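Since the model is a prediction, treat every value here as computed from it, not as a measurement.
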Amino acid sequence: MKLVLSALALLIGALMPVQVGINASLRALLGDPLLAGLANMMVGLLCVLLVLVVLQVPWPSAAAMTSVPAWAWLGGAIGAAVVVVSLMAGPALGAATLFVLVVTGQIAASMLLDHFGVLGYPVRPMSGLRIAGALMLIAGVVLIVKN
């Protein structure tokens, strides 16, 4: 199962710059990054609703919905920010620069989340090798951004 999930994660990673390019084209056609972001999120919502219906996922009760802590709803806001920022930054920075910066931010945040075991992640303490790996990735970012 981990192999399948790893392959899917790699596929999604490969599709992210494709998504930004498609969204940038939509931005040019619609004339505004926020409208393109709204269209992106609406299509995403429809896709998730379709999967929920097809898989017959039961809806949570009102009590379950109201018991969710406020911070748990921030994932949607972060997703919207990712779409809008990539719509604005992608055409200006280019796909490679945008995504090496995104990946650098992801690695830094992921290492902290793992180290402290927050948000449900298992604790995976910082180590010299993990830090060295992150520094090598940052060096790669510098090389890509500068050239």
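Taken together through direct or relayed side-chain contacts under 4.5 Å among Ile, Leu, Val, Met, Phe, Trp and Tyr, L129 and M136 form parts of separate hydrophobic clusters. A chain of hydrophobic side-chain contacts below 4.5 Å, direct or via other Ile, Leu, Val, Met, Phe, Trp or Tyr residues, connects M16 to V20. Cluster annotation: V57 is connected to V51 through the hydrophobic network of ILVMFWY side chains, with a link wherever side-chain heavy atoms come within less than 4.5 Å. Both L74 and L112 are assigned to one and the same hydrophobic cluster, defined by single-linkage of ILVMFWY side chains at heavy-atom distances under 4.5 Å. In the hydrophobic cluster analysis, where Ile, Leu, Val, Met, Phe, Trp and Tyr join through side-chain heavy atoms closer than 4.5 angstrom, W59 is grouped together with L55.
Taking all atoms of both residues into account, the shortest heavy-atom contact from A89 to L98 is CB-CD1, 4.0 Å. Looking at every heavy atom in both residues, R27 comes nearest to L87 through NH1-O, 2.9 Å. The minimum heavy-atom distance linking W73 with V68 is given by the pair NE1-CG1, 3.4 Å. Counting all heavy atoms, side chain and backbone alike, L30 lies closest to A39 at CD1-CB, 4.4 Å. Closest non-hydrogen pair, S86 versus P91, comes out as O-CD, 3.9 Å. Contact detail for G76 and M41: the closest heavy-atom pair is O-CE, 4.3 Å.
Among pairs with a residue in residues 116-127, none fulfils side-chain hydrogen bond (donor to acceptor under 3.5 Å, both in side chains), at least two apart in sequence or across chains.
Note that the OG atom of S6 and the CG atom of L11 stand 12.5 Å from one another [nearest 0.5 Å]. For the atom pair CG (L137) and CD (Q106), the distance works out to 11.5 Å, reported to the nearest 0.5 Å. From I131, atom CD1 reaches atom CD1 of I138 across 10.5 Å, with rounding to the nearest 0.5 Å. Annotation: the span from L26 atom CG to D32 atom CG amounts to 10.5 Å, rounded to 0.5 Å.
At a threshold of 4.5 Å between non-hydrogen side-chain atoms, the residues L101 and L93 count as touching. When side chains are defined from C-beta on, L45 counts as touching L49, because their heavy atoms get closer than 4.5 Å.
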Walk me through it: do M126 and D114 pass the test side-chain contact (heavy atoms from CB on, under 4.5 Å)? CA-CA 8 Å; M126 293 274 184; D114 281 353; over 6 Å; no

Verdict with reasoning, M42 to L38, per side-chain contact (heavy atoms from CB on, under 4.5 Å): CA-CA 6 Å; M42 287 175 55; L38 177 63; 3.8 Å; yes

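Within a 6.0 Å sphere centred on CG of L119, other residues, nucleotides and ligands contribute more than 12 heavy atoms.
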